[in-house]
Amino acid sequence: MGWNTYHQIVTELSPDDWLYDDFMTYVVTSKEKVSFDKIRFTNECPVELVKRLREENGKDVWICGGANLVQQLMREDLIDVYYLTVIPTILGSGIRLFDSISHEIKLRLQKTQTYNGMIDLIYTKR
């Protein structure tokens, strides 16, 4: 995840408990932070980080938030499954998730789920 996503989680969404304790978390940031237990801060290029993690033993790599981070991985075609959540809020402005992608990415809808007025959409690449 990117720094902004991490910061929002620890200051607003879940300041008392780390939501992703079952995972090793990599926070991509240029800030100098000390890593600990299940959270690693890194300034490594996200594309190189994901490629390196894919070569290691373990489970899949999951990207959580950060439009800039997602866009870099999309440009290099490194995302196999897209989990998108539609939240019923109309924003007047913001960061576009699918900005600056030079090629079409064809997807196939695999599953939908609704809860609390939100819709999760799960897509795989075709």
Side-chain angles (χ1 to χ4, degrees):
M1 69 180 60
W3 171 259
N4 290 337
T5 301
Y6 169 79
H7 189 259
Q8 183 181 28
I9 291 169
V10 299
T11 61
E12 297 174 34
L13 302 177
S14 184
D16 298 323
D17 295 307
W18 182 240
L19 296 173
Y20 306 111
D21 201 41
D22 293 341
F23 304 101
M24 175 58 70
T25 300
Y26 293 86
V27 180
V28 178
T29 180
S30 59
K31 298 179 186 300
E32 294 287 328
K33 292 289 187 179
V34 176
S35 297
F36 51 94
D37 194 26
K38 295 274 189 154
I39 302 173
R40 304 276 190 254
F41 297 96
T42 180
N43 64 357
E44 188 173 356
C45 165
V47 169
E48 297 307 316
L49 175 62
V50 168
K51 286 179 179 179
R52 181 174 59 78
L53 291 174
R54 282 182 159 184
E55 297 297 319
E56 294 179 3
N57 289 331
K59 298 191 179 213
D60 296 331
V61 177
W62 181 58
I63 308 302
C64 175
N68 182 282
L69 183 71
V70 170
Q71 290 168 11
Q72 291 178 61
L73 299 173
M74 288 176 73
R75 278 193 288 274
E76 298 297 322
D77 203 28
L78 289 174
I79 300 176
D80 299 319
V81 180
Y82 290 82
Y83 289 76
L84 304 174
T85 301
V86 177
I87 301 171
T89 302
I90 297 175
L91 302 175
S93 63
I95 300 170
R96 298 171 63 98
L97 181 58
F98 302 115
D99 201 23
S100 303
I101 305 301
S102 63
H103 62 282
E104 179 180 55
I105 301 172
K106 295 185 180 195
L107 303 174
R108 174 174 285 114
L109 181 63
Q110 296 296 319
K111 182 179 177 183
T112 63
Q113 177 181 329
T114 62
Y115 56 95
N116 297 331
M118 299 183 290
I119 302 170
D120 281 342
L121 304 165
I122 301 172
Y123 291 95
T124 55
K125 288 191 305 188
R126 283 196 270 161

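Side chains included, hydrogens not; waters and symmetry mates left out as well; all remaining heavy atoms used.
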Practice problem: Report the residue from Thr5, Leu73, Leu78 that forms a side chain to side chain contact (heavy atoms under 4.5 Å, CB included) with Ile63. | Solution: Leu73

Practice problem: Give the minimum heavy-atom separation between Cys64 and Met1, together with the two atoms involved. | Solution: O-CB, 3.1 Å

Exercise. State yes or no: do Ile9 and Met24 share one hydrophobic cluster built from I, L, V, M, F, W and Y residues joined by side-chain heavy-atom distances below 4.5 Å, directly or via other members?
Key: no

Quiz item: Going by the angle between their ring planes, with limits at 30° and 60°, are Trp18 and Tyr20 parallel, tilted or perpendicular?
Solution: perpendicular

Quiz item: In terms of ring plane angle, is the pair Phe41 and Phe36 parallel, tilted or perpendicular, where the classes change at 30° and 60°?
Solution: tilted

Quiz item: side chain to side chain donor-acceptor pair (under 3.5 Å) between Asn68 and Gln72: does it pass, once the steps are laid out?
Solution: CA-CA 6 Å; Asn68 182 282; Gln72 291 178 61; 2.5 Å; yes

Exercise. For residues Val81 and Ile79, report the shortest heavy-atom separation together with the two atoms involved.
Key: O-CG2, 3.4 Å

Quiz item: Residues two or more places apart in sequence or in another chain: which of them pass salt bridge (charged side-chain N to carboxylate O under 4.0 Å, His left out) with Asp22?
Solution: none

Quiz item: Hey, are Glu56 and Arg52 close enough for a salt bridge, meaning a charged N less than 4.0 Å from a carboxylate O?
Solution: yes

Quiz item: Are Trp62 and Leu53 connected in the hydrophobic side-chain network, where two residues link if heavy atoms are under 4.5 Å apart?
Solution: no

Self-check item: Side chain to side chain, Ile39 and Lys33, heavy atoms closer than 4.5 Å
Solution: no

Quiz item: Which atom pair, heavy atoms only, marks the closest approach of Met74 to Phe98?
Solution: CE-CD2, 3.3 Å

Practice problem: Would you kindly confirm whether Ile119 and Tyr115 end up in one hydrophobic cluster when ILVMFWY residues are joined by side chain heavy atoms under 4.5 Å apart? | Solution: no

Quiz item: For the side chain of Arg75 and the backbone of Ile101, is there at least one donor-acceptor N/O pair under 3.5 Å apart?
Solution: no

Quiz item: Val28, Val47: one ILVMFWY side-chain cluster at the under-4.5 Å cut-off?
Solution: yes

Practice problem: Could you tell me whether the side chain of Leu107 reaches within less than 4.5 Å of the side chain of Lys125, counting heavy atoms only? | Solution: yes

Self-check item: Any side-chain heavy-atom pair of Lys38 and Thr25 under 4.5 Å
Solution: no

Quiz item: Among Thr112, Thr85, Thr114, whose side-chain hydrogen bond (donor to acceptor under 3.5 Å, both in side chains) with Asp120 holds?
Solution: Thr85

